[in-house]
Amino acid sequence: MNTLTNADLHCHSVVSDGTLTPEALAQRARDNGVELWALTDHDELGGQGRAMAAAQAAGMRYLTGVEISVTFLGITVHIVGLGVDHTQPALLAGLQATRNGREQRARDMSDDLARVGIKGVYEGALKYVGNPELISRSHFARYLVEIGVSKDTNDVFRKYITEGKPGFVPHRWARLADAVRWITEAGGVAVIAHPGRYKLTPNEEFALFTEFKAHGGQAVEVMTGAHNASDYVKYAGYCQEFGLAASRGSDFHSPEESHTDLGKLPDLPGSVTPVWDLLQARIH
Ligand code: AMP
Ligand code: MN
Ligand code: MN
Ligand code: MN
């Protein structure tokens, strides 16, 4: 395996906020030519056994995965963990604690939407939830589309449930140091997910990469659905500057909602070390 390997190391199933089962995702990944796959549900490892079995049945190599929600300098940052022991108690406890606030946050989001006249959104969003511990803004977005408040989920995120908009409720997720430690102590590699999405100043972004590295983080997503061509160049450069390996993952959630399909990103640039080079012993 090398930088040209068709690896897709970031996507979501019904175990978090995706719309496909782990089995359907594995089939779709295989059909799209993926050779090395990881399911990375938000704050949750419950789909790993199914994903691993489905990957093996489809003839793909597999890395365990998770995407941990972190609060850094007051904003939400996502840290992907690859190759973790998905039965490790400290990691499971950390993820459990990270999931715990979601229920109350969802009720508060619903109350805030009711203030602008949109009622019953908590109950409506629950119809889309596959895992009762993982109600997310994506489920709210799907229900708001269903009732005609927005034409699609992207429009929901432009008008509602984001900072400064109706239905947004600030939330404190895990600390960066804890998320990186849970991942590395479970034998995995921590990866900064989709850095191009964060609204950080250059100084804040430098602090994120510096602190992440100091805590033991080892990689960054260079190729990901939310990045454009200039992000690819920028974050491949950060790999050199910070001594990080590079990851590649679509962040696929749903055939209807995701513009980047599984396995369809450009290859990693030849200048970087692929994150799977660090994980040879963890590949199933
Ligand atoms: P939560 O973890 O509940 O805050 O939900 C975050 C999820 O909402 C992300 O993982 C995405 O799946 C989705 N999301 C957040 N922002 C956007 C956006 N601007 N457009 C589309 N989906 C988004
Ligand atoms: Mn998501
Ligand atoms: Mn994310
Ligand atoms: Mn994701």
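In listed order, ligands and their atoms are each counted from 1. Remember, predicted model here, so these are calculated numbers, not experimental data.
With His42 as the fixed residue, the ring pair (Phe, Tyr, Trp, His ring centres under 6.0 Å) test singles out one of His139, His78, His10: His78.
Side chain to side chain, Glu205 and Tyr238 meet the donor-acceptor criterion of an N or O pair below 3.5 Å. With 3.5 Å as the limit, one finds a donor-acceptor pair spanning the side chains of Ser13 and Asp41. Side-chain contact check for Glu44 and His12: no donor-acceptor pair (N or O, by modelled atom type) lies under 3.5 Å.
Aromatic ring centroids of Tyr122 and Tyr143 lie 6.0 Å or more apart.
At a threshold of 4.0 Å, the pair Asp112-Arg115 counts as salt-bridged, since one of the basic side-chain nitrogens sits closer than that to a carboxylate oxygen. Under a 4.0 Å N-O distance rule, the pair Glu146/Arg142 does not qualify as a salt bridge.
Glu67 contributes atom OE2 as its closest N/O/S atom to the Mn ion (ligand 3). Looking only at its N/O/S atoms, His42 has NE2 as the one nearest to the Mn ion (ligand 2).
Residue contact annotation: His78 places an N/O/S atom under 2.8 Å from the Mn ion (ligand 3).
The protein residues lying under 4.0 angstrom from ligand 1, judged by non-hydrogen atoms, are Asp17, His42, Arg102, Arg105, Ser136, Arg137, Ser138, Asn154, Phe157, Arg197, His253.
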Could you go through Lys199 and Glu163, starting from their C-alpha distance and side-chain angles, then the distance that decides it, and tell me whether this counts as salt bridge (charged side-chain N to carboxylate O under 4.0 Å, His left out)?
CA-CA 11 Å; Lys199 294 184 176 68; Glu163 181 102 50; over 6 Å; no
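Around the Mn ion (ligand 2), the two atoms NE2 of His253 and OD2 of Asp17 are separated by an angle of 100°, to 10 degrees.
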